[in-house]
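Contents: one structure, followed by commentary.
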2 protein chains.
Amino acid sequence: MSARPHSTIAEFPQSRTSTTCAACAAYDLSLCRTLSEAPLALQYSEYTVPARRILCRQHELLDVVPVICRGWAASIVMLSDGSRQILSFLLPGDAVSTALLFDARPYFMVEAITDVHYRGFKRSDVRTVLARQPDLLDSFCRTWAQATARADQLIVDLGRRTADERIARLLLYLAERLAQRGMTQRGTMEMEFPLRQHHIADATGLTPVHVSKVLSEFRRSGLIKISERSLTILDPERFQRIGHMR
Amino acid sequence: MSARPHSTIAEFPQSRTSTTCAACAAYDLSLCRTLSEAPLALQYSEYTVPARRILCRQHELLDVVPVICRGWAASIVMLSDGSRQILSFLLPGDAVSTALLFDARPYFMVEAITDVHYRGFKRSDVRTVLARQPDLLDSFCRTWAQATARADQLIVDLGRRTADERIARLLLYLAERLAQRGMTQRGTMEMEFPLRQHHIADATGLTPVHVSKVLSEFRRSGLIKISERSLTILDPERFQRIGHMR
DNA sequence: CGGTGTCTTGAATACCATCAAGTCTTGTGG
DNA sequence: CCACAAGACTTGATGGTATTCAAGACACCG
């Protein structure tokens, strides 16, 4: 696999302008609002990085907890032979990793998929706030528990499911998360979909070549429409059956 | 795959005798001690179940948080076609799942591998104690963060590594955890090892047949000795290279 | 306009699953 | 104590799914 020379770390925090949070697709779901608004009003830095840029590197110290405001990112483990495994896709409102609060040295990197806008909260600030606000801590833990459940589900998918099943389940899972954020066309199963096939491959433990073949087959059988950075699930019922074959 | 008619749920809590915790291999590591001893002295029930018995079922309500005292168990997701994926092995001192504190309905089952002795703490008790003791909460979260890291590591293994690598890494990981608990022969890499090959298969996303072939190959090349419920890593250095090939 | 990234398709190959038969051990009831 | 059944493991033959290799089409960008 090829080196990616364009990947350089984000370096320059923007001035902390009051960004239009109304644009954040997950404003209501997210911890971000609670942390940044009164009465807590934690300080944070804001960053904007272009697609394909690295937000933070594997094994490098990180003293902020990043929260995505706009765009898609992914947390990725890179192996020494260049192969990659995506642990999770990060959508607006997602904190990069809940576990990051307790370990300053992530074992994965975070890479922007689209242009990404994000905030970095100081770890120590977040921890003191959580320690003082039991209800906040509780909702934080619930979010963490959800992430744990998703990770375990992914383990099952990678361990025991075929390529068709893995890909169908990934797409359905993303569709569900986008719907929660109001990021699908109202009523339909149509959504903006910035993932490249190599992202799908890295998330499902497959090769890009095989992903291409499976998606083509899905397209031919009228299950999905996928093109021009957009995805439509045409036959949700049949598509879900493929994801739940076992 | 076959139905396992012998698996019935553990039903009868024993009388709450003061068990000899000195025998617990992970007494110092575990939350269990802190929870059960003064000054907290939480109430708990104690259970002993034979090998292959189910401690708790997938999707069934559970109002206690089990902590393993003796023996090996595994948390397992079962799919409708009978195939199984082991999420984690549970050793003495392990709580069944940290996430279980926030979701009473586990998406996995827990099965005893050897005879298992465990305690069940009431979820609500544990939560109130955690809420009141910041240092306890902190160490709880650190344990959770470790479990999260292990799950992510497993995702990488299943997504991007070959059978040889997966199996070698599993054995090394277990050896490391056993060593932490003083459950290896002092100085050597020899340990009691109750796993059947089908457990290894279910944990690595492989078939028992293939596990057998890989283990035989490891044995032939003098990497490990594995027989009679015991495992010795004969050539740790070479074995680790196999686990870290990429 | 070349360069890079993305996607597609086909052919050859590798890895692991499946199927099957046989050995050995373990546990159980007669 | 023996007979029998079930579980655990091994080994070889065969097959399928996904990888690797390769070539070409297409879009986008500086």
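Hydrogens, waters and symmetry mates play no part in the numbers below; they use all other heavy atoms, side chains included. The structure displayed is predicted, hence computed values, not measured ones. The sequence lines fix the lettering, A, B, ..., with proteins before strands; numbering per chain opens at 1.
Between the CD atom of B:Glu165 and the P atom of C:dA14 there is a distance of 17 Å, given to the nearest Å. Protein atom CZ of B:Arg220 is 6 Å distant from nucleotide atom P of D:dT11, rounded to whole Å. B:Arg196 has its CZ atom 17 Å from the P atom of D:dA6, to the nearest Å. Atoms NE2 (A:His210) and C1' (C:dT13) sit 14 Å apart, rounded to a whole Å. In this structure, the CG atom of A:Asp157 is 17 Å from the C1' atom of D:dA18, given to the nearest Å. Remark: C1' of C:dA14 and CG of A:Leu206 are 16 Å apart, rounded to the nearest angstrom. For B:Arg229 and C:dC24, the CZ to C1' distance is 12 Å, given to the nearest whole Å. Look at CD on B:Gln197: it is 10 Å from P on D:dT11, rounded to the nearest Å.
Under a 4.0 Å N-O distance rule, the pair A:Arg70/A:Asp115 does not qualify as a salt bridge.
Within the 4.5 Å cutoff, no side-chain heavy atoms of A:Tyr118 are placed close to those of A:Val64. In this structure the side chain of B:Leu215 reaches within 4.5 angstrom of the side chain of B:Ile200, judged on heavy atoms. Between A:Met245 and A:Thr162, the closest side-chain pair of non-hydrogen atoms is not below 4.5 Å.
Out of C:dC16, D:dA8, D:dC21, the shortest distance to the side chain of B:Ala163 is found at C:dC16. Ranking D:dT10, D:dT19, C:dT6 by closeness to the B:Arg219 side chain, first place goes to D:dT10. Between C:dT9, D:dA8, D:dT11, one nucleotide has an atom nearer to the side chain of A:Ser216 than all others, and that is C:dT9. Closest to the side chain of B:Thr207, from the set C:dA17, C:dT9, D:dG7, is C:dA17.
Among the protein residues, B:Arg166 comes within range of no part of the nucleic acid, since none of its heavy atoms lies under 4.0 Å from any strand. No contact: B:Leu215 has no heavy atom under 4.0 Å from any strand.
In this structure, B:Tyr173 has its ring center no closer than 6.0 Å to that of B:Phe89.
Listed pair A:Ser212 / C:dT9 fails the phosphate criterion, with no side-chain N or O lying under 4.0 Å from OP1 or OP2.
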